[in-house]
Amino acid sequence: MDKNNSPKTSSEKNRLAELPALKGIEIRTDPESLAEYGKDWTKHFTANASAVLLPKSTEEVKTIVNWARRTRTALVPSGGRTGLSAGAYATQQEVVVSLQKMNRILELDAFDQTLRCDAGVVTEQVQKYAREHGFYYPVDFASRGSSQIGGNVATNAGGIKVIRYGLTRQWVAGLKVVTGRGDILELNKSLVKNATGYDLRQLFIGSEGTLGVVTEVTVALAKPPKEFVVFVMGLNDLEAVMEIYAQFKSQFTIFAYEMFTDVALKYTTAHGARPPFSTAAKYFVLIELERESDEYIEQATELFGQLLEEGLVVDGVISQSPKQAAELWALREDITEATSHKQPYKNDISVRVSRVPEFLNEMTAVLAGEHPEFEVVWFGHIGDGNLHVNILKPDNLSSNEFVERCHHVDEKMFRMIEKFEGSVSAEHGVGLVKKPFLHYSRSAEEIQLMKEIKRVFDPDHILNPGKMFD
Ligand code: 2HG
Ligand code: ZN
């Protein structure tokens, strides 16, 4: 992008003043709104938005985009702002376009098994609505209560049930978007089969607001699963983590296979979660199965007993009710919140599932050798090779010093990722956080093509400029 061509973002006040007066679009410029809407859940960045717009319809979004093109104003599309890669941060005086007021569930089609809603509907609302109507929306993660469906699409959200149901990408049946050219596109229109050329819908999924603003989403719905049963087991080595996974998945349909360490447990229990058992262990795995029948769960319990006898598992617990299952899930899902006060520096990487132990062992050795001052919390969706690495900030380091040292870790880690042919972002996205490291996972040719694709959809470079790549 030619620097002289960049949207000017600083002296927009008069142009902003013109916009709502013309179209009645809500605009906020008070310091609280700028601070709140200018950021997401990522730490160590500073919000610097110039205004927040809250459209109520796709037409209003189109008006905003056309205005931004005319006035060369940078826009940051914004959902529930639960992202962890600073993809929804406005750090350069951009104008935030919040989809929050577009929050209606529009239609549930029981025959086609689809639900159509505005992009600003909260994930949990979609899940609840589907349940109330005898269906199931299976994309799920800890921030379900705040994240919005449009943001899930923009980041191709993954979460805890990917091994069973896949990513958001698999569940988007149709999309309405406003491109950076101001065009309204209706993509795929809920068709199951559609062999008519490039699937632009898929291009928008995971595009992090750089190609268009998603305004309406139609998701496919699944049949609701029966009650979930959760196993939490303690183990002392990583090889056991993989062995247990192999054994369970050869006999059962696993809905989730999650891992966390003793350090993570220390924080979640301090935060109020009940320890699963009193035996100490270095690693914990959480397996979720569906109660297909009582015999099915008995078989799984037998396998668990066998693993205990063999010494692969040091201790474990099986939920006896949905309430207990939820309590066990809290041990894993509360990690982010329980460590938040330590201002963690986060990484979210993936390698092929079979290579997780090798990667984790190598990286742990690097961290212990070079940064013994860091307390590191490892956890994640181990069943899909996705590890979350949270380095907690030592109290005696300033935010800047801490981030600088973490960048040193990043270089090491991403070189290792490159060697393992993994990804520098498994599910949190690129945003600002992974932008400098994108080349470790994507070739120069791929990045160039992505830039050219952006130019087609956003010729004036107004949509989330500076995110993903420059
Ligand atoms: C999770 O799996 C989220 O809980 C957040 O992706 C991960 O806080 C993190 O690093
Ligand atoms: Zn995650």
Side-chain angles (χ1 to χ4, degrees), residues 39-45 79-88 123-124 138-148 151-152 154-169 206 208 230 232 255-261 263-268 271 273 284-288 326 328-351 353 356 360 363 367 374-393 402-403 406 409-410 413 422-431 433-434:
K39 66 173 180 14
D40 59 25
W41 281 5
T42 319
K43 305 226 185 282
H44 310 290
F45 284 85
R81 300 185 307 282
T82 58
L84 294 167
S85 66
T123 313
E124 195 168 52
V139 179
D140 196 18
F141 36 80
S143 62
R144 63 182 75 80
S146 310
S147 65
Q148 295 173 8
N152 299 354
T155 55
N156 188 22
I160 55 179
K161 288 195 170 42
V162 172
I163 52 172
R164 170 67 181 84
Y165 291 107
L167 298 149
T168 296
R169 189 178 294 292
E208 300 186 19
V230 171
V232 170
F255 281 65
Y257 191 69
E258 300 282 316
M259 192 271 294
F260 50 94
T261 61
V263 186
L265 185 74
K266 180 181 86 180
Y267 281 96
T268 46
H271 188 249
F284 297 84
V285 292
L286 182 154
I287 306 177
E288 187 175 66
L328 291 174
W329 261 116
L331 295 165
R332 162 61 187 87
E333 289 207 306
D334 290 0
I335 299 171
T336 302
E337 220 179 296
T339 50
S340 153
H341 64 289
K342 302 294 273 185
Q343 298 174 51
Y345 185 88
K346 288 175 185 288
N347 261 305
D348 155 53
I349 55 92
S350 67
V351 292
V353 185
V356 166
L360 218 153
M363 198 56 218
L367 278 161
F374 284 160
E375 187 172 33
V376 184
V377 183
W378 290 92
F379 60 106
H381 320 286
I382 202 113
D384 27 73
N386 179 183
L387 285 168
H388 296 312
V389 194
N390 281 215
I391 305 179
L392 308 186
K393 189 176 92 54
F402 174 57
V403 170
C406 289
V409 177
D410 280 346
M413 174 141 55
S423 174
V424 297
S425 177
E427 63 173 2
H428 293 169
V430 182
V433 172
K434 291 291 153 55

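Just so you know, ligand 1 is whichever comes first in the structure, and atom 1 is the first atom listed for that ligand. Positions are given from 1, in the same order as the sequence printed here. Quick note: numbers below take in every heavy atom, side chains included, and nothing from hydrogens, waters or symmetry partners.
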Heavy-atom donor-acceptor pair, N347 side chain to V389 backbone, under 3.5 Å: no

Atoms of ligand 1 close to T336 [distance to a heavy atom under 4.0 angstrom, numbered from 1]: 4 (O), 5 (C), 7 (C), 8 (O), 9 (C)

Proximity flag F141 to ligand 1, non-hydrogen atoms under 4.0 Å: no

Under 3.5 Å: donor-acceptor pair, side chain of S425, backbone of V430: no

I160 and ligand 1 - part of the residue with a heavy-atom distance under 4.0 Å: neither

Protein residue, atom and distance nearest to atom 9 (C) of ligand 1, heavy-atom basis: K346 NZ, 3.4 Å

Residue selection (non-hydrogen contact nearest atom 4 (O) of ligand 1) among E333, R332, H388: R332

Pair Y267-I335, side chain to side chain contact (heavy atoms under 4.5 Å, CB included): steps then yes or no: CA-CA 7 Å; Y267 281 96; I335 299 171; over 6 Å; no

Nearest heavy-atom neighbours spanning L286 and R332: CD1-CB, 4.3 Å

Heavy-atom donor-acceptor pair, D348 side chain to E427 backbone, under 3.5 Å: yes

Donor + acceptor pair across side chains of D410, Y345 (<3.5 Å): yes

N/O/S from D348 sitting under 2.8 Å away from the Zn ion (ligand 2): no

Contact (N/O only, under 3.5 Å) between N347 and ligand 1: no

Non-hydrogen side-chain atoms of L84 and D40 separated by less than 4.5 Å: no

Protein contact of atom 6 (O) of ligand 1 - nearest heavy atom, named by residue and atom, plus distance: H428 NE2, 2.7 Å

Expected output: side-chain K434 to main-chain V424 donor-acceptor under 3.5 Å: yes

Atom name, H381 (N, O or S, nearest to the Zn ion (ligand 2)): NE2

E427 OE2 and H388 NE2 subtending at the Zn ion (ligand 2) (10° steps): 100°

Distance filter under 4.0 Å to N390 heavy atoms, resulting ligand 1 atoms: 8 (O), 10 (O)

K266/E375 ion pair, N-O < 4.0 Å: yes

The Zn ion (ligand 2) to nearest N/O/S of H428 below 2.8 Å: no

Nearest heavy-atom neighbours spanning H44 and P344: NE2-O, 3.8 Å

Proximal ligand 1 atoms for E427, defined as those under 4.0 Å from one of its heavy atoms: 2 (O), 6 (O)

Atoms of ligand 1 close to H381 [distance to a heavy atom under 4.0 angstrom, numbered from 1]: 2 (O)

Test item, D348 contacting ligand 1 (heavy atom, 4.0 angstrom): no

